[in-house]
Amino acid sequence: MMNRSLTAAALLLSLSGAAFAQDTQSFDRVERGRYLSVLSDCAGCHTAPGGASFAGGLALDTPFGRLVAPNITPDRETGIGNMTDDEFVAALHEGRGHNGRRLYPAMPYPAYTKMTEDDVRAMRSYFRTLEPVHNEVVSNQLPFPFNIRLVMLGWNWINFLPGRYQPNPQKSAEWNRGAYIVQGPAHCGTCHTPKTLLGGDKNATPLAGATLQGWFAPDITTDGHRGVGSWSKDDLAQYLKTGANSFTLASGPMSEAISHSTSQMTDADIAAIATYLKDSGTGGNAAKPASLADNSNAMRVGAAIYKDNCAACHRDSGIGDAGLFPKLAGSALVQQVDPMTLAHVVLSGTRAVSTDGAPTGPAMPAFDWRLNDAQVAAVLTYIRNSWGNAAAAVPASAVADQRTSLAKTP
Ligand code: HEC
Ligand code: HEC
Ligand code: HEC
């Protein structure tokens, strides 16, 4: 009895063998497409907080004004159900949307253009399998003249170099994989590469740090003072996987990139990114400025504020507590040229990213109700110039600017 049903099952399997093999092949392709969409963090922009996956709606503040990421589920009326595969490829490789209209570079096609065509088509296979969601999104909420898509013709002409990633034969396969992920799908430079006035990447200084939406995405080159030169590959991997390491905890836009994207990457891909970042050939050694003298006014005021408000968590010597409170001594983030992120963190506080690797994120309290602009500036100047740190003093006006812009974004 048992034998017979087994034989029947075996027969059925062998009969459907061909179709079965094809199915697993397309399953593998869809799964590969899903993973590529994680590497690329498509959900990070195309999913509104609390909304259906990929149904659009996240508003992005760009140098030109406000743009909303559209619905990219296969819905025929409001999504990309009517888009052909070639149009999908053109959106990612050339920045052309429905009917060839020019897309704004808030959609990171200047990075996705580096992806192989096969990777983009695998992603397309995955997007086809999604549940269509009916959700009308008005993408373009930009003011005149930026609401005219033709303006993008000019922008593209100046800033956009289409073209696939070219492997470097001098480097290992792992290095090339890392370079591909960083420059292509994971679009790290979209946030970390300094921008021109028009919002294009300054390609001569990749990953050297940039301001975005009230945050500062720090220098992640091998520069020993401002970059992550002092981090080991394991430190980098731990940060990308869990959002925390013995130096720091991620907050703001990076904590979102970590929870949607890097924390879900395979260990091999994370290791490849770390290998590339440690050997990206960028980042010199920025001359370290002299620390401010301890007896300057800002330093004395700052020291007193630090002792009362900060030392309980970050410790008197700024060493923090691994995995709980970031180290301020020797921190590249604390010594960044642009103190924007620092003022943001101290004024509004943050909650560190929560990932499977590090479940509960500890919180940094807000001080906006407690410290005025001059006091925040003094304590920042103090942490930027203590324990061997050295960076320019923070003017109270920079804190005031940050306070004003935070008041505008709820
Ligand atoms: C940083 C935010 C961001 C990320 C990440 C992002 N997009 Fe977009 N995307 C946008 C915005 C904003 C637009 C609308 C641009 C415009 O209207 O000019 C857009 C437009 C598109 C369009 C064109 C839709 C149409 O109707 O013409 C497609 C297709 C698309 N994105 C797919 C993707 C895919 C696939 C990924 C991941 C590989 C992705 N996007 C990642 C922000 C993003
Ligand atoms: C959406 C914008 C965005 C993207 C995309 C992004 N980052 Fe970040 N990144 C930031 C911001 C902002 C910070 C500062 C975080 C903070 O203040 O805690 C940061 C911090 C970091 C740090 C910590 C640096 C330090 O000195 O503390 C590393 C390392 C890093 N990012 C690597 C990457 C890599 C690698 C990628 C691509 C896989 C990437 N980032 C993609 C915005 C981004
Ligand atoms: C209750 C504990 C606590 C107190 C008090 C506190 N912090 Fe923090 N701080 C944290 C935690 C936790 C983080 C990490 C949060 C995150 O990344 O989301 C943090 C992050 C920071 C960062 C960002 C560093 C990095 O690597 O991400 C700076 C700068 C900072 N704090 C400065 C201060 C200053 C200045 C004060 C006093 C005005 C202060 N903190 C008071 C807990 C505290």
Side-chain angles (χ1 to χ4, degrees), residues 36-37 40-48 54-121 123-124 127-128 135-165 183-203 206 210 212-213 253:
L36 282 158
S37 81
S40 318
D41 199 8
C42 313
C45 293
H46 287 278
T47 304
F54 303 112
L58 189 73
L60 300 161
D61 286 316
T62 74
F64 310 106
R66 180 159 284 203
L67 267 178
V68 184
N71 179 350
I72 54 168
T73 70
D75 185 60
R76 290 192 165 272
E77 275 129 44
T78 62
I80 58 169
N82 283 333
M83 227 182 200
T84 65
D85 290 357
D86 288 345
E87 282 175 327
F88 184 86
V89 174
L92 274 78
H93 276 170
E94 288 155 42
R96 288 170 185 275
H98 266 330
N99 310 321
R101 73 191 162 95
R102 301 266 160 189
L103 297 177
Y104 293 92
M107 157 76 185
Y109 62 83
Y112 297 150
T113 189
K114 306 241 165 150
M115 295 177 78
T116 66
E117 184 168 337
D118 193 54
D119 274 359
V120 173
R121 288 191 186 274
M123 244 194 308
R124 175 58 176 166
F127 278 102
R128 275 197 189 294
N135 183 33
E136 186 79 55
V137 174
V138 181
S139 294
N140 188 345
Q141 304 184 7
L142 301 181
F144 180 83
F146 300 121
N147 58 346
I148 302 173
R149 288 188 183 271
L150 268 180
V151 171
M152 281 305 110
L153 260 178
W155 188 92
N156 280 340
W157 184 68
I158 304 169
N159 292 283
F160 176 49
L161 286 172
R164 310 298 89 79
Y165 174 73
Q183 297 174 21
H187 63 279
C188 313
T190 305
C191 297
H192 285 279
T193 296
K195 300 289 175 278
T196 63
L197 281 177
L198 282 171
D201 285 352
K202 281 191 184 160
N203 290 321
L212 61 141
Q213 300 165 36

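Worth knowing before you read on, the calculation uses all heavy atoms, side chains too, and leaves out hydrogens, waters and symmetry mates.
- Checked options N135, N71, T73; the residue passing with F54 is T73 (criterion: side-chain contact (heavy atoms from CB on, under 4.5 Å)).
- Annotation: side chain of R128 is not in contact with side chain of P74 (no heavy-atom distance under 4.5 Å).
- Nearest approach of P108 to T190, heavy atoms of both residues: CB-OG1, 3.9 Å.
- When every heavy atom of M123 is checked against every heavy atom of L92, the shortest pair comes out as CE-CD2, 3.7 Å.
- Between F127 and F88, the ring planes are tilted. Angles from 30° to 60° get that label.
- Residues satisfying the salt bridge (charged side-chain N to carboxylate O under 4.0 Å, His left out) criterion with R121, sequence neighbours excluded, are D86, E117.
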(request) Start with the C-alpha distance between R101 and R96, add both sets of side-chain angles, then the distance that settles side-chain contact (heavy atoms from CB on, under 4.5 Å), and finish with yes or no. (result) CA-CA 5 Å; R101 73 191 162 95; R96 288 170 185 275; over 6 Å; no
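- Of all heavy-atom pairs spanning S40 and H187, the tightest one is O-CE1, 3.2 Å.
- The shortest heavy-atom contact between P110 and P105 is CG-CB, 4.3 Å.
- Between T116 atom OG1 and H93 atom NE2 the span is 7.0 Å, to the nearest 0.5 Å.
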(message) Evaluate R124 against I80 for side-chain contact (heavy atoms from CB on, under 4.5 Å), listing each step before the verdict.
(response) CA-CA 11 Å; R124 175 58 176 166; I80 58 169; 3.5 Å; yes
(request) Take E136 and E77 through the test side-chain contact (heavy atoms from CB on, under 4.5 Å) and record every step on the way to the result. (result) CA-CA 8 Å; E136 186 79 55; E77 275 129 44; over 6 Å; no
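- Judged purely by atom type and a 3.5 angstrom limit, T113 has no side-chain atom pairing as donor or acceptor with the backbone of E94.
- Pairing each heavy atom of D119 with each of M115, the nearest pair is CB-CE, 4.3 Å.
- Distance check, rounded to the nearest 0.5 Å: NE2 of H46 to CE of M107 gives 5.5 Å.
- A pairwise comparison of heavy atoms in Y109 and L103 identifies OH-O, 3.0 Å as the closest pair.
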